[in-house]
Enquirer: 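Right, I'll just put the structure down here and ask away after.
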Amino acid sequence: MGRRGVIAEQVLDLMRAGGRHCWSLDDLKDALVRRGLEPDPSSVFRAVVRLEDAGQVVRVPIDDRRGHYEVAGEHHEHLICEACGGIEPIDCSVVASLVEKVRATSGFAVTGHQVVLSGTCERCLDASPRASAAGAR
């Protein structure tokens with residue numbers, strides 16, 4: 001297997017290992033370096049594109065100018081914390097009912113969707129000065 005195949009295999013292994021939901025290209029490169037590899041950014045990008053083309057990973061539509069990717073699987077929505085940048089999956093059955101309502105009211109057949117809800121995660125809320133002051137009362 002060539003170097004490209006090794007990088008793609010290692011990227012997929014990292015993403016499947018758990019402990020993290022979404023990966024930016026920089027996150028993947030840094031994790032590969034910790035594994036003793038020395039990929040350049042373009043090698044990581046090409047590996048992710050190959051995995052995406054093969055249907056093994058999907059891009060998560062987070063508008064932060066950095067690509068985020070996750071292992072392909074059952075569809076879900078995402079929560080992103082504006083304070084720490086954390087990304088978490090969430091089942092969003094509300095969207096499914098909205099898709100059905102769109103079909104019923106407009107005749108439009110939705111074939112796909114991506115929803116990203118942004119805000120502040122519980123950990124960041126608990127760590128904020130306002131949260132600390134409110135708890136002290």
Side-chain angles (χ1 to χ4, degrees):
M1 178 181 301
R3 181 164 167 74
R4 286 186 204 168
V6 170
I7 298 296
E9 185 177 284
Q10 288 291 316
V11 164
L12 190 57
D13 184 58
L14 280 167
M15 294 176 84
R16 286 182 172 161
R20 178 181 205 124
H21 181 67
C22 289
W23 293 80
S24 72
L25 296 173
D26 291 336
D27 296 335
L28 287 166
K29 181 185 177 299
D30 293 346
L32 291 170
V33 168
R34 287 191 297 276
R35 285 189 169 192
L37 299 170
E38 296 181 23
D40 57 87
S42 62
S43 294
V44 176
F45 174 76
R46 285 190 305 269
V48 169
V49 168
R50 285 178 57 196
L51 293 168
E52 187 177 19
D53 288 347
Q56 294 179 293
V57 303
V58 294
R59 184 178 171 97
V60 178
I62 296 171
D63 187 26
D64 68 351
R65 294 194 173 106
R66 296 183 336 164
H68 281 84
Y69 299 85
E70 65 186 9
V71 175
E74 189 171 316
H75 183 78
H76 54 270
E77 312 310 336
H78 295 89
L79 302 173
I80 182 166
C81 179
E82 294 170 331
C84 70
I87 303 167
E88 296 294 327
I90 185 170
D91 173 35
C92 198
S93 56
V94 172
V95 175
S97 64
L98 175 62
V99 167
E100 293 201 20
K101 185 173 184 172
V102 166
R103 173 67 179 208
T105 60
S106 70
F108 186 84
V110 176
T111 58
H113 65 273
Q114 296 288 330
V115 176
V116 175
L117 302 171
S118 58
T120 308
C121 70
E122 185 175 21
R123 186 176 65 247
C124 289
L125 282 172
D126 290 345
S128 74
R130 278 189 310 193
S132 299
R137 291 184 193 163

Enquirer: For the CD1 atom of I87 and the NE2 atom of H68, what is their distance to the nearest 0.5 Å?
Expert: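 Taking CD1 in I87 and NE2 in H68, the distance rounds to 4.0 Å.
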Enquirer: Let me confirm one number: the CD-CG distance from E122 to L79, rounded to the nearest 0.5 Å.
Expert: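 Answer for the CD-CG pair, E122 versus L79, is 12.0 Å.
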Enquirer: The criterion is side chain to side chain donor-acceptor pair (under 3.5 Å); which residues satisfy it with E82, sequence neighbours excluded?
Expert: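 Here the qualifying residues are S118.
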Enquirer: List the atom of A8, the atom of L51, and the distance in Å for their closest heavy-atom pair.
Expert: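 Of all heavy-atom pairs spanning A8 and L51, the closest is O-CD1, 3.6 Å.
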Enquirer: Can you tell me how far apart OH (Y69) and CD (E52) are? Round to the nearest 0.5 Å.
Expert: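 Rounded to the nearest 0.5 Å, the OH-CD separation comes to 5.5 Å.
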Enquirer: Same cluster or not: V115 versus V60, using hydrophobic residues (I, L, V, M, F, W, Y) connected whenever any side-chain heavy atoms lie under 4.5 Å apart?
Expert: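 No; V60 is not reachable from V115 via cluster members.
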Enquirer: Which residues satisfy the side chain to side chain donor-acceptor pair (under 3.5 Å) test with S42, sequence neighbours excluded?
Expert: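 S42: side chain to side chain donor-acceptor pair (under 3.5 Å) contacts with D40, R46.
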Enquirer: Can you confirm whether V33 sits close enough to P39 that some side-chain heavy atom of one is under 4.5 Å from a side-chain heavy atom of the other?
Expert: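 Contact flag for V33/P39 side chains = yes.
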Enquirer: Nearest 0.5 Å please: distance from the CD1 atom of I7 over to the CG atom of L12.
Expert: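 Result: 13.0 Å between the selected atoms.
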Enquirer: Show every side-chain hydrogen bond (donor to acceptor under 3.5 Å, both in side chains) that has at least one partner inside residues 11-23, sequence neighbours left out.
Expert: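 Every pair satisfying side-chain hydrogen bond (donor to acceptor under 3.5 Å, both in side chains) with a residue in residues 11-23: D13-R35, R20-D27, H21-E70, H21-H76, H21-H78.
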Enquirer: Write out all pairs satisfying ring-ring contact (aromatic ring centres under 6.0 Å, His included) with one or both partners inside residues 91-114, taking only residues at least two apart or from two chains.
Expert: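 The answer is H75-H113.
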Enquirer: Side-chain heavy atoms under 4.5 Å apart, restricted to Ile/Leu/Val/Met/Phe/Trp/Tyr: what other residues fall into the cluster of V58, or is it alone?
Expert: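 Via sub-4.5 Å side-chain contacts, V58 links to none.
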Enquirer: Pairs in or reaching into residues 101-121: which pass salt bridge (Lys or Arg N to Asp or Glu O under 4.0 Å), with residues at least two apart or in two chains?
Expert: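 Not a single pair qualifies under salt bridge (Lys or Arg N to Asp or Glu O under 4.0 Å).
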Enquirer: Hydrophobic clustering (ILVMFWY, side-chain heavy atoms < 4.5 Å, transitive) - are V116 and V95 grouped together?
Expert: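 No; tracing contacts between hydrophobic side chains, which count when under 4.5 Å, never links both residues.
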Enquirer: Just how far is it from atom CD of E38 to atom NZ of K29, taken to the nearest 0.5 Å?
Expert: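 The CD atom of E38 sits 8.5 Å away from the NZ atom of K29.
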Enquirer: Is there a side-chain contact between C121 and E88 (heavy atoms, below 4.5 Å)?
Expert: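 No - every pair of side-chain heavy atoms lies 4.5 Å or more apart.
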Enquirer: Do L117 and I80 sit in the same hydrophobic cluster, where Ile, Leu, Val, Met, Phe, Trp and Tyr count as joined when their side-chain heavy atoms come under 4.5 Å apart?
Expert: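 Different clusters.
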Enquirer: If every non-hydrogen atom of C84 is compared with every non-hydrogen atom of R123, which pair is closest and at what distance?
Expert: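 So the two residues come closest at SG-NH2, 3.7 Å.
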Enquirer: Which heavy atom of L28 sits nearest a heavy atom of L14, and at what distance?
Expert: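 So the two residues come closest at O-CD1, 4.1 Å.
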